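In this text the structure is predicted, and so the values were computed from the model without any measurement. We name chains A, B, ... by the order of the sequence lines, and we start the count at 1 in each one.
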Amino acid sequence: MNLLDVSHVSKRFGGLTANEDVSFTVDKGQIVGLIGPNGAGKTTLFNCVAGYFPPSSGTIMLDGQNIAGLSPEACARAGVARTFQIARTFSSMTACENVMTAAMLITRSVSHARASAMRWLAFANLEHFADKPAASMTISEQRRLAVARALAIQPRILLLDEVMAGLNPSEVKQAVDVVLKIRDQGISSLIVEHVLEGIMPIADKIIVLDRGRKIADGTPRQVSSDPQVISAYLGDA
Amino acid sequence: MITTTRMKAVAISLVCLAAALVIPAVVQSASYLNLAILVLMAAQLGVSWNIVGGYAGQVSLGHAAFYGLGAYCSTLMLVKFGVNPWIGVLCGGLLAAILSVGFGWSCFRLKGHYFAMATIAVAELVQIWFTEWEYGGAAVGLYVPMDRTGWLWMNFATKLPYYWLALGLLLITLAVNWWIERSYIGYYLRAIKDEPDAARSIGVNIARYKQIALSISAFFTAIGGSLYAQKELYIDPNSVLSTALSIKMALVSILGGVGTLFGPVIGSVVLTTIEELTRTVFGGTGRGTDTIIYATLIIVIAVFYPTGVVGWWRNILRRRVLNTASNTADSEQSSSQVAGAAAVKGGQV
Ligand SMILES: Nc1ncnc2c1ncn2[C@@H]1O[C@H](COP(=O)(O)OP(=O)(O)OP(=O)(O)O)[C@@H](O)[C@H]1O
Ligand SMILES: [Mg+2]
């Protein structure tokens with residue numbers, strides 16, 4: 001059975017249709033890329049899956065449970081973790097405290113949460129930043145911190161919104177390494193990304209959105225030779 | 001370095017506690033003892049306010065409603081039914097904690113300045129209601145009878161016992177704050193203040209935790225109100241329910257440093273002393289002077305010291321550490337990173 005099954009999801013803001021009848025699936029342990037031009041509705045779709053917007057219609061099944069319309073915190077408990085387009089780290093806290101706060105969904109004990117946080121910081125290659133104020137970290141570090149924080153709730157699926165945007169090539173490689181390690185943990189990832197060099201080589205499947213509609217769904221090779229996708233991207237450029 | 005600063009903090013706290021314990025023995029003048037009691041009582045209110053206003057970042061300007069509820073609850077129970085004030089005080093705290101759910105329900109749906117304005121409105125409504133409420137003394141107020149004195153009835157002819165009551169209540173409130181700060185609730189409150197949307201993404205029910213913070217805060221604020229009633233022996237809507245009082249609770253905390261354990265205590269020492277000094281200089285309780293002081297302080301804090309006395313002091317310490325650090329390259333790197341992160345953040349917002 002599919003881990004995540006998004007079916008016929010539409011999201012309208014007044015007269016504007018940000019997502020229209022979008023369906024796709026994510027299997028356990030898969031890396032799925034969600035791409036499309038600016039304003040295609042990628043973040044809106046994320047917000048529907050993570051509980052930030054109730055979809056106007058359609059169902060979102062996570063492991064057989066319909067999570068469409070649940071609150072963000074209920075989605076988090078159900079196993080959906082996410083990052084944001086801007087990192088949104090807790091700026092009054094250290095890196096370790098950021099991740100600890102997330103680990104507290106699993107354990108209310110502060111010392112257990114700290115131990116768990118240190119493991120996730122090491123996972124994201126941030127262990128030597130543990131006691132640094134999050135606000136003093138670079139953008140690349142803050143993005144990985146946001147990923148470590150999302151992982152600390154022990155999700156079944158992780159939604160990453162443009163974690164590679166604006167990074168230099170070596171930082172992109174670090175981010176890619178982290179995503180591959182996430183798959184090795186058996187956690188599925190749904191990744192919105194404009195940096196196609198980052199996502200294309202590692203994705204099991206690519207979904208392309210354009211003006212709210214899904215226009216392609218397949219392996220990176222299939223999608224990149226799809227004429228509709230090419231014209232959507234060229235038309236955008 | 002972290003452990004030495006922590007040891008210093010513990011040492012300073014112990015010195016302050018020792019000072020608080022010997023003050024009554026040293027201070028002979030009744031007016032200075034009264035000033036010390038006022039400092040302790042205002043500090044306790046600031047510490048209570050700080051739970052929801054500081055840690056959780058929900059700036060309430062309506063806390064006088066809880067203060068008044070506490071004062072009226074214990075006083076009415078004593079006057080009308082002869083209930084022992086110790087019980088009345090607890091009931092007042094519980095009543096405020098319960099009614100704070102309605103307060104939160106009506107205000108938490110708003111954010112930032114709108115939240116603050118809604119809290120003022122709710123507190124004003126409460127004040128108007130008490131001003132009209134005949135059974136509760138209306139605008140005339142209520143007197144606490146002096147027929148039964150002593151510790152059993154929390155009623156004394158001298159000031160000194162009130163000093164111990166105020167100190168004890170402050171210490172209990174600080175202990176609860178300390179526990180919250182260290183527990184998962186403290187982390188959740190800071191997360192809600194920093195990034196509410198991100199807090200939700202890690203499973204924090206932000207409505208629930210804001211309300212928990214508000215209820216605990218209301219409980220201790222109400223107990224402070226009851227203590228005021230027992231000390232002054234007279235309450236009316238103006239003295240225990242006014243918006244100026246709400247502003248003072250917030251200001252004590254903001255002046256000292258929001259979201260810090262001892263910030264409100266420092267803020268109270270500064271603010272209460274200034275208040276009493278101007279009162280002796282300008283004479284009487286010129287009601288305008290309080291407001292002028294509050295307004296001036298708010299402007300000074302907002303412009304020069306947005307993190308309060310505690311933040312200002314930490315800044316000085318940090319600069320000293322950076323200056324004496326042998327590895328100057330390291331500090332340069334970290335400060336340029338701060339600048340870089342700030343620049344990027346500014347660009348994205
Ligand atoms: N809360 C909202 N209210 C109204 N319209 C919205 C809202 N959020 C998004 N939209 C609109 O929905 C459309 C899709 O936006 P969305 O942010 O999902 O695009 P995106 O694919 O993430 O774009 P980008 O690549 O720029 O991040 C846009 O036209 C946007 O203006
Ligand atoms: Mg987007």
Side-chain angles (χ1 to χ4, degrees), chain A residues 46-47 50-52 71-94 97-114 131-142 146 149-155 159 165-166, chain B residues 1-3 5-6 54-57 179-210 257-260 307 311 314 318 322 330-349:
Chain A
F46 262 34
N47 282 328
Y52 285 77
S71 66
E73 49 271 25
C75 288
R77 279 160 205 278
V80 179
R82 71 168 300 181
T83 66
F84 296 86
Q85 214 161 331
I86 56 171
R88 294 198 195 283
T89 48
F90 303 132
S91 55
S92 75
M93 301 188 191
T94 64
E97 289 170 335
N98 262 274
V99 186
M100 280 167 71
T101 310
M104 285 164 183
L105 187 64
I106 309 298
T107 168
R108 298 299 199 203
S109 146
V110 173
S111 56
H112 289 173
R114 179 171 289 118
D131 292 324
K132 268 202 135 189
S136 75
M137 294 164 69
T138 65
I139 283 303
S140 160
E141 290 154 5
Q142 289 202 33
R149 183 178 68 186
L151 288 168
I153 69 168
Q154 298 184 10
L159 314 184
Chain B
M1 202 196 97
I2 285 169
T3 49
T5 51
R6 181 161 299 166
Y55 291 102
W179 174 82
I180 292 173
E181 190 181 285
R182 256 131 240 276
S183 76
Y184 77 93
I185 298 176
Y187 286 80
Y188 275 9
L189 297 183
R190 283 161 67 197
I192 291 170
K193 178 183 185 175
D194 285 351
E195 285 289 350
D197 279 338
R200 301 187 82 182
S201 77
I202 55 170
V204 180
N205 184 333
I206 61 175
R208 177 188 300 163
Y209 284 95
K210 282 181 192 176
V258 286
T260 60
T307 51
R314 280 184 188 161
R318 195 175 317 133
L322 281 182
D330 185 43
S331 64
E332 260 167 37
Q333 186 196 350
S334 71
S335 60
S336 73
Q337 274 177 352
V338 175
V344 176
K345 207 170 181 185
Q348 273 182 343
V349 168

message: Can you tell me how far apart OH (Y187(B)) and CD (E97(A)) are? Round to the nearest 0.5 Å.
response: 5.0 Å
Distance (rounded to the nearest 0.5 Å) between R200(B) CZ and C75(A) SG: 10.0 Å
field: From T101(A) atom OG1 to E195(B) atom CD, the distance as rounded to the nearest 0.5 Å
entry: 12.5 Å
statement: OG (S201(B)) and CZ (R149(A)) are apart, to the nearest 0.5 Å, by 5.5 Å
message: Test your reading of the model: is there a side-chain donor-acceptor pair from Y52(A) to the backbone of D197(B), 3.5 Å cut-off?
response: yes
message: If you compare all heavy atoms of A76(A) against all heavy atoms of G203(B), which two are closest, and at what distance to 0.1 Å?
response: CB-N, 3.5 Å
- request: Decide if atom CZ of R88(A) counts as having more than 12 heavy atoms of other residues, nucleotides or ligands within a radius under 6.0 Å.
  value: yes
message: To the nearest 0.5 Å, what is the distance between CD1 on I202(B) and CZ on F90(A)?
response: 4.0 Å
- prompt: Top residue by heavy-atom pair count (under 4.5 Å) with chain B, among T83(A), N98(A), L105(A)?
  reply: L105(A)
query: Checking heavy atoms, do the side chain of R77(A), its backbone, both or neither come under 4.5 Å from chain B?
result: side chain
- request: Identify which part of I153(A) has an atom lying under 4.5 Å from any heavy atom of chain B, answering side chain, backbone, both or neither.
  value: side chain
- prompt: Does a side-chain heavy-atom distance below 4.5 Å link S92(A) with K193(B)?
  reply: no
Student check: side-chain heavy atoms of E73(A) and R208(B) closer than 4.5 Å: no
query: Is the shortest heavy-atom distance from the side chain of S109(A) to the side chain of Y184(B) under 4.5 Å?
result: no
message: At a 4.5 Å cut-off on heavy atoms, which part of A102(A) comes close to chain B: side chain, backbone, both, or neither?
response: both
message: Taking the side chain as everything from C-beta on, heavy atoms only, tell me whether M93(A) gets closer than 4.5 Å to D194(B).
response: yes
